[in-house]
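See below for the structure under consideration.
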Amino acid sequence: MIVVFVSNPTSAIKLLEHQVRIMAIQDSDPERRNLMVISMAFIVYFYAGGSLLENEVRLQVINVSFSNPKVLAAIGWGLLIWFLYRYWQKHSSSFTDGFNSEIYRYCNTGYFSKYVSKKLGKPIIKDEDEGYHIDMMIREDGKFGIKYCYATCVGRDEKTGRVMSSSGRKNDDLGEIYLDDFIGTCLRYRAYIECCFRHPSFASYVVPYIVFFIALCGPVYAYEF
C-alpha cells in the first residue's frame, strides 16, 4: 500500500471544509448531501493512501484526544451505512418516478419518428399538419414501443410529450410499434443514455449509490494497491 502524506495538512483540511460547504449550499437534500460528503471522505482517505501517523487522534478545536482510533473507524463505517439507509429510505422510488417522466419526453424525437415512419410505411409529420403523429411512448412488461395516431393537428404535454389534444383524430387509424429489433433496441438505449446525461434524475438519485459503492471498495483498493 502506498501512503501519501500531505505537505500542508492545515491547507488540505481548509480545502476539504470549503468543498463540504459548497456541497451543502448546492444540494438542498440533506440525505443525499450526507451520503455524498461521507462517501467522498472515505474515497479521499482510502484511494489517496491516507493513514494515521500515531495511535492517538487529537482535535485542534477542542481539548480532547482519542487513544482508540478503531472505535472512530467503526463509528465512521456506521455513519456511512446509516446515511445510505436514510437516503434509500427517502429516495427508493424517486429515480423510477423521475426517469419515467423524463424518458417519455423522447417519444417525439427525430430518430423515433424516422423509425416509426419506416415501420409504418408512411411519413410522420409535424404536429400542426394533418397526417400520422406519434402519440406516446409505451413502457410496460419489459416492452418498449411507440403509439401513433392520425389527426389533423395535435397538442402535446410539454413535460411528457404525449398528445393531450387533437383535431380530426381518427380512432380507427391508431396503432403501436414495438422497438424489438436490433435498430429499435439501439434507439431505445440511445434515448436512455441521452436522458441520463441531459436530465437530473440519474445524477440526483443513482450517482450517490455509485459514489457509496466506490467508497465501500476503498479498503480493498488500499489493501491491493
When the ring planes of His199 and Tyr106 are compared, do they come out parallel, tilted or perpendicular, using 30° and 60° as the limits?
-> perpendicular

Indicate if Val211 and Ile38 have the same hydrophobic cluster label, given that clusters are the connected sets of ILVMFWY residues with side-chain heavy-atom separations under 4.5 angstrom.
-> yes

Would you say Tyr178 and Phe112 are hydrophobically clustered, going by side-chain heavy atoms of ILVMFWY under 4.5 Å?
-> no

Ring geometry between Tyr205 and His91 (parallel below 30°, tilted from 30 to 60°, perpendicular above 60°) | tilted

On the 0 to 90° scale, with breaks at 30° and 60°, tag the Trp77-Phe42 ring pair as parallel, tilted or perpendicular.
-> perpendicular

Hey, can you tell me if Tyr132 and Tyr150 have their rings parallel, tilted or perpendicular (30° and 60° cut-offs)?
-> perpendicular

Connected-component partners of Ile193 among ILVMFWY, side-chain separation under 4.5 Å | Phe197

Is a donor on one side and an acceptor on the other found under 3.5 Å between the side chain of Ser204 and the backbone of Pro200?
-> yes

Hey, quick one: are Tyr111 and Ile134 part of the same hydrophobic cluster, counting side-chain heavy atoms closer than 4.5 Å, chains of contacts allowed?
-> yes

Can a donor-acceptor pair be found between the side chains of Arg86 and Asn34 at a distance below 3.5 Å?
-> no

Salt bridge check: are Asp181 and Lys119 linked by an N-O gap of less than 4.0 Å?
-> yes

Counting distance only, does the side-chain N/O of Ser117 pair as donor-acceptor with the main-chain N or O of Lys122 below 3.5 Å?
-> yes

So, for Tyr209 and Tyr87, is the gap between ring centers shorter than 6.0 Å?
-> yes

